[in-house]
Amino acid sequence: THYQDPKISKQAIFHYTYAVLHNPAYRQKYELNLKREFPRLPFYPHFGQWVKWGKALMELHIDYETAKKYPLKRQDLTGLTNLSGLKVKLQADKLAGTIAIDEQTTLHGIPEVAWEYKLGNRSALEWILDQYKEKKPSDPTIAEKFNTYRFAAYKEPVIELLQRVCTVSERTV
């Protein structure tokens, strides 16, 4: 009722909300409130522009798997003989702009701004690194019979995903 336009659709309201909730100024201003309660949406002027921003942002996030790969520099150490037994690292160094994938491969050139796009309290890149780490189940039966995940089988898709998420993170911020 604030905008006095009966043609505003539910989808337009959703896109507006998506844009507002991703607005860095909004997130900074209401940071403490957002930790304690449900978000409250201000009525910004230019509703239509916010709807366009929200729609574009939502499409970027939904289609992250087809985003252009960010041109990260990949460094592979040569001379390693046992490539199947490489120790998985998946460690980020934000200041250096690097991600150590394993003992052989490091990605360089992670843009500083890519660390600013957060999913909850972690950046999207940190979330990916955490999700792909090998974890040992505490239950011995599950560890013995069902724990078949090996990072080596997913290394190349994870590197590609990190490249795409760098692009999405940079464009989002």
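Note that this is a predicted model, so its numbers are computed, not measured.
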Query raised in the report: Which of these passes side chain to side chain donor-acceptor pair (under 3.5 Å) with T105: K155, E156, Q75?
Result: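 The option that passes is K155.
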Query raised in the report: Quick one: side-chain hydrogen bond (donor to acceptor under 3.5 Å, both in side chains) partners of T172, sequence neighbours excluded?
Result: H61
Query raised in the report: Who pairs with D63 by side-chain hydrogen bond (donor to acceptor under 3.5 Å, both in side chains), at least two apart in sequence or on another chain?
Result: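 For D63 there are no side-chain hydrogen bond (donor to acceptor under 3.5 Å, both in side chains) partners, ignoring immediate neighbours.
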Query raised in the report: Around atom CZ of R164, are there more than 12 heavy atoms of other residues, nucleotides or ligands at under 6.0 Å?
Result: yes
Query raised in the report: Taking everything shown except Q11 itself, do over 12 heavy atoms lie less than 6.0 Å from its CD?
Result: no
Could you check if a side-chain atom of [X] sits within less than 4.5 angstrom of a side-chain atom of [Y], using non-hydrogen atoms only?
{"X": "D130", "Y": "R122", "answer": "yes"}
{"X": "V51", "Y": "I13", "answer": "no"}
{"X": "P39", "Y": "Y26", "answer": "yes"}

Query raised in the report: Looking only at heavy atoms, what is the nearest atom pair of E170 and P111, with distance?
Result: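 Taking E170 first and P111 second, the nearest heavy atoms are OE2-CB, 4.0 Å.
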Query - Option passing side chain to side chain contact (heavy atoms under 4.5 Å, CB included) with N23 (candidates Y30, Y44, Y18) - result: Y44
**Report entry** Short side-chain to backbone donor-acceptor contact, E116 and V113, under 3.5 Å
**Finding:**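 Not a single qualifying donor-acceptor pair exists.
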Query raised in the report: Does K89 come within less than 4.0 Å of E103, counting only side-chain N to carboxylate O?
Result: no
Query raised in the report: Does a side-chain N-to-carboxylate-O contact under 4.0 Å join R36 and E31?
Result: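 Salt bridge flag = no for E31 with R36.
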**Report entry** Pairwise distance CG(L21) to CG(L57) - rounded to 0.5 angstrom
**Finding:**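 It comes to 10.5 Å.
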